[in-house]
Amino acid sequence: MKYLSLLSLLFIFSCSQMEIKTVSELDLNKYSGLWYEIERFPNSFEKGLKCVTAEYQLMDNGKIKVINSGFNTEKNKRKETVGKAYVPNKSKPGEIKVTFFWPFYGDYNVLFLDEEYKYALVGSKSRKYAWILSREIKVNEDIINKIKDVASEQGFDISNFKRIEHDCN
C-alpha cells in the first residue's frame, strides 16, 4: 500500500513538471471570433457564470482584444470583462499571454485546435485552469471526450471539468 501511494505521488509530481505541448500553428485571423465555453475547470473569476463566451478580435497592432462574458446567476445580469493578449514568441504561436488586470499577464496555451477552428482546448502551464471551447453551443460528446483525452495526455485532471449551462432565456 505504501508503494502505491508513493507511485501516485511520483506520477502527480511528474505530470506537474511535464512540459505543456501547444499547437505548432495558429492562424489568429481564423481563431478570432466568438467561442462558447463548453466545459471549464472551476475558478474564482467565473464563479456563478453561465452562458459564457469568449470573443477574440485581432487588432491592427497584432495584439488580440479579448472579451469574456457570461450571465451572473447571483446578480441576474450579464458580466463582461475586456482584456488583451499577444503572442510573445512567433515560433511558439500556441503560447499566448493575456491580461485583464494590467500589468499582470497569465498564460493562455492553445493545447488543441481542430483543422476547421471549430473546437479548442486552452489551459495554463500550472494545469490549474482549462477550458473546452466551441464555435457552437452544443457539442457531440465524442468530440468532448477526444478533447478531454488530449487534456489528460497533457497532465490535466479531467475530473475537474464542469459543463457550462447555456440556457439563458
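These values consider heavy atoms only, across backbone and side chains, with no hydrogens, waters or symmetry-generated copies. Quick caveat: nothing in here was measured; it's all calculated off a predicted structure.
No continuous path of hydrophobic side-chain contacts links Val52 to Ile137 [ILVMFWY only; heavy atoms under 4.5 Å]. Cluster annotation: Tyr86 is not connected to Ile64 through the hydrophobic network of ILVMFWY side chains, with a link wherever side-chain heavy atoms come within less than 4.5 Å. No path of Ile, Leu, Val, Met, Phe, Trp and Tyr side chains, each step under 4.5 Å between heavy atoms, connects Tyr36 with Val122, placing them in separate hydrophobic clusters. Taken together through direct or relayed side-chain contacts under 4.5 Å among Ile, Leu, Val, Met, Phe, Trp and Tyr, Val87 and Tyr108 form part of one hydrophobic cluster. Cluster annotation: Ile144 is not connected to Leu113 through the hydrophobic network of ILVMFWY side chains, with a link wherever side-chain heavy atoms come within less than 4.5 Å.
At a threshold of 4.5 Å between non-hydrogen side-chain atoms, the residues Phe71 and Asn76 count as touching. The side-chain heavy atoms of Gln57 and Ile67, taken from C-beta on, include a pair separated by under 4.5 Å. Two residues are said to be in side-chain contact when any heavy atoms from C-beta on lie closer than 4.5 Å; Ile38 and Tyr119 fail this criterion. The side-chain heavy atoms of Glu55 and Ser69, taken from C-beta on, include no pair separated by under 4.5 Å.
When all heavy atoms are compared, the tightest approach of Ala85 to Ile96 is CB-CG2, 3.8 Å. Annotation for Leu26 and Tyr31: closest pair CD1-CD1, 3.7 Å, computed over non-hydrogen atoms. When all heavy atoms are compared, the tightest approach of Lys118 to Asp114 is N-OD1, 2.6 Å. The minimum heavy-atom distance linking Lys79 with Thr81 is given by the pair CE-OG1, 3.9 Å. When all heavy atoms of Met59 and Lys65 are compared, the closest pair comes out as SD-CB, 4.0 Å. Of all non-hydrogen atoms in Ser152 and Ile158, the two that sit nearest each other are N-CG2, 3.8 Å.
With rounding to the nearest 0.5 angstrom, the CD atom of Glu74 is 9.0 Å from the CG atom of Leu49. Residue Phe112 holds its CZ atom at 10.0 Å from CD1 of Ile132, rounded to the nearest 0.5 Å. Within the model, atoms CG of Leu121 and NZ of Lys148 stand 11.0 Å from one another, a figure rounded to the nearest 0.5 Å. Tyr56 OH to Asn29 CG: the interatomic distance, rounded to the nearest 0.5 Å, is 15.5 Å. Separation of atoms NZ (Lys97) and NZ (Lys63) is listed at 13.5 Å; rounding is to 0.5 Å. Taken from NZ in Lys47 to OG1 in Thr73, the straight-line distance is 9.5 Å, to the nearest 0.5 Å.
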* **Verdict with reasoning, Phe45 to Tyr129, per ring pair (Phe, Tyr, Trp, His ring centres under 6.0 Å)** => CA-CA 11 Å; Phe45 48 90; Tyr129 304 105; 5.6 Å; yes
* Derivation and outcome, side chain to side chain contact (heavy atoms under 4.5 Å, CB included), residues Arg127 and Ile20 -> CA-CA 9 Å; Arg127 293 170 180 80; Ile20 289 276; 3.8 Å; yes
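Within a 6.0 Å sphere centred on CD of Glu141, heavy atoms belonging to other residues, nucleotides or ligands number more than 12. For Lys92, the NZ atom is loosely surrounded, since the number of other residues' heavy atoms within 6.0 Å does not exceed 12. Around the CD atom of Glu80, the shell of radius 6.0 Å holds more than 12 heavy atoms that belong to other residues, nucleotides or ligands.
Formation of a donor-acceptor pair under 3.5 Å by the Lys50 side chain with backbone atoms of Asp167 is found in this model. The backbone N or O of Leu111 sits nowhere less than 3.5 Å from a side-chain atom of Asn109 that would complete a donor-acceptor pair. Ser124 contributes no side-chain N or O that, together with a main-chain N or O of Asp107, makes up a donor-acceptor pair within less than 3.5 Å. In this structure, Asn43 contributes its side chain and Phe41 its backbone to a donor-acceptor pair below 3.5 Å.
Under the rule for a side-chain hydrogen bond (donor to acceptor under 3.5 Å, both in side chains), Glu153 has no partner lying at least two apart in sequence or in another chain. Considering only residues two or more places apart in sequence or on other chains, Ser24 meets the side-chain hydrogen bond (donor to acceptor under 3.5 Å, both in side chains) condition with none of them.
Centroid-to-centroid, the aromatic rings of Phe161 and Phe156 stay 6.0 Å apart or farther.
Sorted by first and then second residue, the side-chain hydrogen bond (donor to acceptor under 3.5 Å, both in side chains) pairs with a member in residues 131-140 read Glu37-Trp131, Glu46-Trp131; sequence neighbours excluded.
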